[in-house]
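Every chain is numbered from 1 and lettered A, B, ... according to where its sequence line falls, protein lines coming before strand lines. Note that these values count all heavy atoms, side chains included, but never hydrogens, waters or copies made by symmetry.
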There are 2 protein chains.
Amino acid sequence: MARPTGVSVSQNATLYDVAREAGVSTATVSRVVHGQDGVRADTRQRVLEVIEALGYIPDGAAQSMARRRKEVIGLLAVESRITDTDVEEEGLLFEEEVLRGVESSLREIEWSLMISFLRDDDPVGSFRRMQKVAAQVDGMLVIEGIVGSERLERLAARIPIVLIAGQVDEPHADAFSADNHGGTMALVQHLVEVHGCRRLHEIAGPPQAPDASQRHAALHEVVRGYGSVTVTGMFQGWFAAMSGQLAVRELLSQTRTDLPDAIVCANDQMAIGAIHELEEAGLRVPADIAVVGFDDMYSGALLSPALTTVRQPIRLLGERACARLLQRIEDPSLARHAEYLPTELIIRQSCGCGGQEPTRRRRQLGARR
Amino acid sequence: MARPTGVSVSQNATLYDVAREAGVSTATVSRVVHGQDGVRADTRQRVLEVIEALGYIPDGAAQSMARRRKEVIGLLAVESRITDTDVEEEGLLFEEEVLRGVESSLREIEWSLMISFLRDDDPVGSFRRMQKVAAQVDGMLVIEGIVGSERLERLAARIPIVLIAGQVDEPHADAFSADNHGGTMALVQHLVEVHGCRRLHEIAGPPQAPDASQRHAALHEVVRGYGSVTVTGMFQGWFAAMSGQLAVRELLSQTRTDLPDAIVCANDQMAIGAIHELEEAGLRVPADIAVVGFDDMYSGALLSPALTTVRQPIRLLGERACARLLQRIEDPSLARHAEYLPTELIIRQSCGCGGQEPTRRRRQLGARR
DNA sequence: CTGTTAGCGCCTTCAA
DNA sequence: TTGAAGGCGCTAACAG
């Protein structure tokens, strides 16, 4: 069975193969592929049939090249982890949620998303990867980025970059973050003014993470504002539940009689770990000690006691950052823009508030769409 | 200040710019960029300096084209969701974990990952996206894929495809899945033989998801094996915690006096939702009713009662699938390969087993590295 | 309505 | 050790 025109089977069909097979020019095939009009109906039909028969799919690299746009954006997430082990079995939900927001924005315009996780303990390797990604996309989103400013500048000179939960003062990129300061403020005020907490224990996030340090700073700022309130101790966590557990073990190993009034965690996962460990040790939350988190992850609402926390619009963060990036890809001359998205205090039971229903009601209010 | 050679600043530097600026040919620059030897030291030095000065980063699309390889693989995840609303605030941890596995494999060889989520209620749109992604990668991983076989065949004709937790009998692609059958088997046997459960309630996953239906089938198969055991009812969930909650509400609305002995959930998230709802309703787990899950997500271990479940090596699934895909990219003629990865029964408290420590000990065992 | 023809930026023989 | 030059597959004027 001779193949009339010698189309190779093992090789992927190209535009030329289709053109030849259909007896038209490549320009016509291209028009058909992109649904442009100005092609006679029967010609289009014929081309379509050949495309179908050959299983033709245009090559993305070639398209990117010709139209000088890749229609891909990169998402880089910087992760903190315990140096030697890799025990972290739980994903960093924050990044995952941003990812969702970005991906759904992109899907609407049919762009693609390239993603890579970086290690904050390997700046050189991270930079290499960032360059590699920068070579394959039209713009980049960087989460929790502790990329040196000069490196960022270099990358930003090539393609637009938007920072998410990063350094908001970075001059070479747009930035979107949650209002960590306001959120922490509201949370601590609640603890102090409603529950009369005076002695606070802090479970902090990784100091490299900008939002961890913002929450840390805000906590101490509020506390300073009250004469009588103090941070009695702190544990350096890394946002994973396990670090909440370790923090509590350390705390309890020091004293079981003179406990703080509340534990303020830099995120929900650590709060969940902390609560678990406290209960394991026979302590009751919030009766013996209050615990609060930050993020408002779904699992915190399912906990007993349900977690009092600060809701930050993570997904929205991703969407907004993505929108801005696309805008800047269209017009690189845009002025730099940085923005804090509002947070919301979510009061449940772990702070000492009673009630049964606030959980559900609150969440509904929270889910503003 | 005249720019000696007229390099445009607003435009990204190309290989030619570097070559001209350094007074060498593009071939030489290319050699330097790729660290090939056969370039005199001082020449290399000069080129390197120009690269640095210009902030040159080679264009990925052009590289892909020239070397006929993109060094990118695609990860497509098919998601089930409640038709109209988009309430699902919790990410599908399964996919996230696979993503981790794949990404870390890829990072080692410096390849990139393109990712896209598909909707199982939009097969046409999904196929479009799959084609789009197929155009930009060297191979694809498809999670929980319910892509029609003929469509898959078309894509597979162009680039290699490996299915993860998909239809294991798909002839056009390699496939890696957890041993859902064996896992469910072990779990149910435990419930029946150790705890004497006779009446089981099922909270199933979305029927489109291959692993959900495998678990479903296995459950019924085991039950049939015992004469005296029955599945007294089932709720059609969609893997989200909320569906576990709804399932329990429905169950309790039907009867509060004649409860089943245990609730068997198709994954941990639904089990967590179910436990939460049961406790909310004043029932005690496992005293009044046992609940078991599937997956062994970290949050299940932190629950009280800690969740009895089946561990499946999700991350490993990603790694293995990825390794296979890379292999097949190198050699497309490989014979089809399908594999079930072993699961492990993780006994904690929610099934009725006592003890305090199994949680931690088990997990350590489970984390085999 | 359809075809011709330059590139897009890089890699890679093949020569020198 | 270095350079010249032909693609890679597609797009987008520009002609006809």
Side-chain angles (χ1 to χ4, degrees), chain A residues 7-8 11-48 50-51 54-72 131-132 134-138 158-159, chain B residues 7-8 11-48 50-51 54-72 131-132 134-138 158-159:
Chain A
V7 175
S8 163
Q11 201 59 36
N12 280 325
T14 72
L15 196 60
Y16 290 99
D17 297 326
V18 177
R20 177 159 22 78
E21 206 74 3
V24 298
S25 72
T26 59
T28 297
V29 178
S30 180
R31 290 183 189 110
V32 172
V33 168
H34 296 97
Q36 294 168 18
D37 43 35
V39 178
R40 215 193 304 142
D42 61 321
T43 307
R44 175 185 307 278
Q45 183 56 34
R46 187 153 31 97
V47 172
L48 248 18
V50 175
I51 287 177
L54 263 41
Y56 169 70
I57 296 181
D59 180 78
Q63 289 182 312
S64 302
M65 204 146 188
R67 65 166 79 119
R68 297 137 132 282
R69 173 142 298 177
K70 306 183 171 59
E71 301 198 347
V72 179
Q131 290 202 120
K132 175 103 187 182
Q136 298 167 294
V137 302
D138 293 318
R158 189 169 207 281
I159 57 171
Chain B
V7 176
S8 163
Q11 202 59 36
N12 281 325
T14 72
L15 196 59
Y16 289 98
D17 297 325
V18 177
R20 178 160 21 79
E21 206 74 3
V24 299
S25 73
T26 60
T28 298
V29 178
S30 180
R31 291 185 187 107
V32 172
V33 168
H34 296 99
Q36 295 168 17
D37 44 35
V39 179
R40 216 191 305 142
D42 61 321
T43 307
R44 176 187 305 279
Q45 183 55 35
R46 188 153 31 97
V47 172
L48 247 18
V50 174
I51 286 178
L54 262 41
Y56 169 70
I57 296 181
D59 181 79
Q63 289 182 312
S64 302
M65 241 190 127
R67 64 167 78 121
R68 290 130 139 281
R69 173 143 297 176
K70 305 182 171 62
E71 301 198 347
V72 179
Q131 290 202 120
K132 175 102 187 184
Q136 299 167 291
V137 302
D138 293 319
R158 189 168 205 282
I159 56 173

* Asked: Is the side chain of A:Asp138 donor-acceptor paired with the backbone N or O of A:Lys70 at a distance under 3.5 Å, no angle test?
  -> yes
* With axes from five pairs an end, tell me the bend angle of the helix from C:dC1-D:dG16 to C:dA16-D:dT1, nearest 10°. => 30°
* **Test side-chain hydrogen bond (donor to acceptor under 3.5 Å, both in side chains) applied to A:Gln131 - qualifying residues, sequence neighbours left out** => none
* Asked: Partners of B:Asp37 by salt bridge (charged side-chain N to carboxylate O under 4.0 Å, His left out), sequence neighbours excluded?
  -> none
Could you go through residues 28-35 of chain A and list every donor-acceptor pair under 3.5 Å that involves a side-chain atom there, pairing it with any protein atom two or more places apart or in another chain?
residue, atom, partner, partner atom, Å
A:Thr28, OG1, A:Ser25, OG, 3.4
A:His34, ND1, A:Ser30, O, 2.9

* To do: Kindly give the heavy-atom pair with the smallest separation between A:Ala22 and A:Arg46, and that separation in Å.
  => O-NH1, 2.5 Å
* Excluding sequence neighbours, so at least two apart, what forms side-chain hydrogen bond (donor to acceptor under 3.5 Å, both in side chains) with B:Glu71? -> A:Lys132
Could you pull out the protein-nucleic contacts involving nucleotides 2-4 of chain C (nitrogen or oxygen on both sides, under 3.5 Å)?
residue, atom, partner, partner atom, Å
C:dT2, OP1, A:Arg40, NH2, 3.4
C:dT2, OP1, A:Thr43, OG1, 2.6
C:dT2, OP2, A:Arg40, N, 2.7
C:dG3, OP2, A:Ser25, N, 2.9
C:dG3, OP2, A:Ser25, OG, 3.3
C:dG3, OP2, A:Thr28, OG1, 2.9
C:dG3, O6, A:Arg31, NH2, 2.6

* To do: Return the value, rounded to whole Å, for the distance between atom CD1 of B:Ile159 and atom C1' of D:dG9.
  => 16 Å
* **side-chain contact (heavy atoms from CB on, under 4.5 Å) partners for A:Arg158, two or more places apart** => B:Asn12, B:Ile57, B:Asp59
Tabulate protein N/O versus nucleotide N/O from nucleotides 8-10 of chain C, keeping only pairs under 3.5 Å, one per line.
residue, atom, partner, partner atom, Å
C:dC8, O2, A:Ala66, N, 3.3
C:dG9, N2, B:Ala62, O, 3.4
C:dC10, OP1, B:Tyr56, OH, 2.6
C:dC10, OP1, B:Asp59, N, 3.1
C:dC10, OP2, B:Leu15, N, 2.3
C:dC10, N4, B:Tyr16, OH, 2.9

* Output all residues satisfying side-chain contact (heavy atoms from CB on, under 4.5 Å) with A:Arg68, sequence neighbours left out; order by chain, then residue number. => none
* Is the shortest heavy-atom distance from the side chain of A:Glu21 to the side chain of A:Val18 under 4.5 Å? -> no
* Asked: Taking only residues two or more places apart in sequence, or in another chain, which ones meet B:Gln45 in a side-chain hydrogen bond (donor to acceptor under 3.5 Å, both in side chains)?
  -> B:Glu49
